Amino acid sequence: MKVIMAEVFSSWQGEGGSVEGSAFGRRQIFVRFAGCDLRCVWCDSKEYIDASRVSRWRYEVEPFTWKFEYRQNPASLDEVIDAVLRLDTGDIHSISYTGGEPTLQVKPLKAMMGRMKELGFDNFLETHGGLPELIKEVAHLTDYASVDIKDETARATEEWKSLVLREVESTRILKEAGAKTYVKLVVTSETKPENVRWYAELLKGLAPLVIQPMEPIEISQRQLMELYREAAKIMGRKNVGLSFQVHKYLNVL
Ligand SMILES: C[S@@+](CC[C@H](N)C(=O)[O-])C[C@H]1O[C@@H](n2cnc3c(N)ncnc32)[C@H](O)[C@@H]1O
Ligand SMILES: Nc1nc2[nH]cc(C(=O)O)c2c(=O)[nH]1
Ligand code: SF4
Ligand SMILES: [Mg+2]
């Protein structure tokens, strides 16, 4: 089976804060799929969102060395799994599937998740959740899920409100399938408190929320805490947390 890959590397999970379902600080092998159907203005993986322009993928040869080898796309599933297994250091909490949007290539994603479970690994899915029909295909193989809600300021799509509703639906599907799931909201200084209140109403009783400032950070601490408080007032004080992209500060992948 073929898949359009971006990269495979070893790191620790740098996002997620301290809510249930987060794997923040855990060792992971990251499998980054090429291609995305959204266009978040602040996306830090822009070079991978047009799959047709990702002619080759890279895999790290040894953890934390920044040494890569390159292969042509499309990759075979077996070569991707080999690249993952050679990075297994015996302390791996879970395999992170990210992108781009991993669910867009749902057939190889599903096959790979099934294979990694057989090999004894847990699966961590990082997704925008905009495609609940595809989430349904992999929910039973997902141990952990981080589902983004795209704020209006991300300008991810013209159909922003319906995207949010689909993301909430994906969260519901993952929870019902037994995946430990949290929702991540990237915020900017332009994020409207009324929008955060809307997301919080939708998520209340469903899944915890982490609020993650867009990098590079431009939102003030005061604004950030105001958004936090609005969400916590609706969802409950134990169901909201902050998340930062810590890997960027520590200069790891
Ligand atoms: C590159 S995305 C890939 C997974 C999926 N497409 C998604 O958006 O959830 C991985 C994570 O990085 C976050 N992210 C990307 N660029 C960011 C930035 N500039 N600041 C903060 N978070 C960012 C996304 O919100 C998402 O949670
Ligand atoms: N260390 C590290 N943690 C991450 N958490 C989410 C990431 C992603 O790009 O999906 C990511 C990433 O690229 N590196
Ligand atoms: S959904 Fe994820 S990969 Fe796609 S543009 Fe937004 S942040 Fe980037
Ligand atoms: Mg990233």
Side-chain angles (χ1 to χ4, degrees), residues 4-17 19 21-24 28-51 53-54 58 60 95-106 109 123-132 134-135 138 142 144-160 163-164 166-168 170-171 174 179 181-191 199 207-219 224 227 241-253:
I4 308 172
M5 261 300 116
E7 56 180 357
V8 171
F9 62 91
S10 166
S11 189
W12 60 80
Q13 176 54 247
E15 304 177 24
V19 299
S22 163
F24 174 71
Q28 289 186 328
I29 299 164
F30 292 79
V31 180
R32 193 183 302 283
F33 288 63
C36 188
D37 54 335
L38 298 183
R39 292 292 179 270
C40 304
V41 285
W42 39 251
C43 178
D44 61 9
S45 302
K46 277 207 176 80
E47 66 268 44
Y48 301 126
I49 62 181
D50 180 353
R53 292 177 54 182
V54 187
R58 64 178 192 174
E60 210 184 5
I95 310 298
S96 173
Y97 305 90
T98 183
E101 178 48 44
T103 62
L104 287 181
Q105 299 187 70
V106 74
L109 173 64
N123 289 322
F124 181 106
L125 180 63
E126 183 100 27
T127 178
H128 66 43
L131 300 157
L134 301 181
I135 292 287
V138 291
T142 306
Y144 300 85
S146 173
V147 182
D148 266 38
I149 277 195
K150 299 302 182 188
D151 183 47
E152 190 175 15
T153 61
R155 292 194 270 125
T157 166
E158 279 166 20
E159 303 284 310
W160 160 65
L163 173 63
V164 170
R166 292 197 305 276
E167 291 163 338
V168 173
S170 291
T171 304
L174 286 158
T181 306
Y182 73 92
V183 170
K184 189 191 297 167
L185 174 69
V186 173
V187 296
T188 71
S189 58
E190 305 294 316
T191 296
Y199 314 140
L209 174 71
V210 295
I211 298 177
Q212 176 165 300
M214 176 193 74
E215 287 285 345
I217 296 179
E218 42 78 72
I219 189 172
L224 186 60
L227 299 177
L242 287 182
S243 171
F244 298 90
Q245 293 188 300
V246 176
H247 50 292
K248 293 185 179 171
Y249 294 88
L250 298 175
N251 214 19
V252 294
L253 285 163

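Basis for what follows: all heavy atoms, side chains included, without hydrogens, waters or symmetry-related copies. Whatever order the structure lists ligands and atoms in, that order sets their numbers, starting from 1. These numbers come from a predicted model, not from an experiment. Residues: numbered from 1 along the sequence shown.
The nearest heavy-atom contact from the protein to atom 25 (O) of ligand 1 is Asp148 OD2, 2.5 Å. In this structure, atom 15 (C) of ligand 1 lies nearest to the protein heavy atom Asp44 OD1, 3.3 Å. Protein heavy atom nearest atom 5 (C) of ligand 1, with residue, atom name and distance: Glu101 OE1, 3.4 Å. Ranking the protein heavy atoms by distance from atom 21 (C) of ligand 1 puts Gln245 OE1, 3.2 Å first. In terms of protein heavy-atom proximity, atom 17 (C) of ligand 1 is closest to Trp42 CE3, 3.4 Å. Nearest protein heavy-atom neighbour of atom 11 (C) of ligand 1: Glu126 OE2, 3.7 Å. Ranking protein heavy atoms by distance to atom 22 (N) of ligand 1, first place goes to Gln212 NE2, 3.0 Å. Nearest protein heavy-atom neighbour of atom 5 (S) of ligand 3: Cys40 N, 3.4 Å. Gly100 O, 2.9 Å is the protein heavy atom nearest to atom 6 (N) of ligand 1.
Under a 3.5 Å cut-off, the side chain of Arg32 and the backbone N or O of Gly99 do form a donor-acceptor pair. Glu126 places no side-chain N or O within donor-acceptor distance of the main-chain N or O of Ser96, the cut-off being under 3.5 Å. Side-chain N or O atoms of Glu152 include none that pairs as donor or acceptor with a backbone N or O of Trp160 at under 3.5 Å. No donor-acceptor pair closer than 3.5 Å links the side chain of Ser243 to the backbone N or O of Gln212. A donor-acceptor contact shorter than 3.5 Å links the side chain of Thr181 to the backbone of Ala179.
The side chain of Lys150, and not its backbone, has at least one atom closer than 4.0 Å to an atom of ligand 3 (non-hydrogen atoms only; side chain from C-beta on). Residue-level proximity to ligand 1 for Lys184 is carried by the side chain, the only part with a heavy atom below 4.0 angstrom. With a heavy-atom cut-off of 4.0 Å, Leu38 does not touch ligand 1 at all. Residue contacts with ligand 1, taken as heavy atom pairs separated by less than 4.0 Å, involve Lys150 solely via side-chain atoms from C-beta onward.
Crowding of Glu190 atom CD: a count of heavy atoms from other residues, nucleotides or ligands under 6.0 Å not exceeding 12. No more than 12 heavy atoms of other residues, nucleotides or ligands lie within 6.0 Å of CZ in Arg155, so this atom counts as exposed by the packing criterion.
Residues Thr142 and Tyr144 share a closest heavy-atom pair of CG2-O, 3.1 Å. Heavy-atom minimum distance, Thr171 versus Ala207: CG2-CB, 3.7 Å.
Applying the 4.0 Å criterion to heavy atoms of Pro213 picks out, from ligand 1, the atoms 21 (C). Contact atoms of ligand 3 toward Cys36: 1 (S), 3 (S), 4 (Fe) (distance under 4.0 Å to a heavy atom of the residue). Less than 4.0 angstrom separates some heavy atom of Gly100 from each of these atoms of ligand 3: 3 (S). Those atoms of ligand 1 that come under 4.0 Å of a heavy atom in Thr98, given as number and element, are 3 (C), 4 (C), 10 (C). Applying the 4.0 Å criterion to heavy atoms of Met214 picks out, from ligand 1, the atoms 20 (N), 21 (C). Close approach to His128 involves these atoms of ligand 1, each under 4.0 Å from a residue heavy atom: 5 (C), 7 (C), 9 (O). Within the listing of ligand 1, atoms 1 (C), 3 (C) sit less than 4.0 angstrom from a heavy atom of Gly99.
Between Cys36 and ligand 1, a contact under 3.5 Å exists for no N or O pair.
Looking only at atom types and distance, the side chain of Glu101 has a donor-acceptor partner in the side chain of Thr127 under 3.5 Å away. Side-chain contact of Glu218 with Ser189: a donor-acceptor pair under 3.5 Å is present, judged by distance alone. Side-chain contact annotation: Tyr97 with Gln105, donor-acceptor N/O pair under 3.5 Å absent.
Residue-ligand proximity: Glu101 is placed with every non-hydrogen atom at 4.0 Å or more from ligand 3. Within the 4.0 Å heavy-atom cutoff, Pro102 does not count among the residues contacting ligand 1. A heavy-atom separation below 4.0 Å is not found between Pro216 and ligand 1.
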Quiz prompt | Intermediate values then yes/no, side chain to side chain contact (heavy atoms under 4.5 Å, CB included), Val164 and Lys150 | solution = CA-CA 7 Å; Val164 170; Lys150 299 302 182 188; 5.7 Å; no
Quiz item: How far apart are the C-alpha atoms of Val138 and Leu125, what are their side-chain angles, what is the distance that settles it, and do they pass the side chain to side chain contact (heavy atoms under 4.5 Å, CB included) test?
Solution: CA-CA 9 Å; Val138 291; Leu125 180 63; 4.1 Å; yes
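Not a single N, O or S atom of Cys43, from either the backbone or the side chain, sits less than 2.8 Å from atom 4 (Fe) of ligand 3.
For the pair Phe244 and Glu15, the minimum side-chain heavy-atom distance is 4.5 Å or more.
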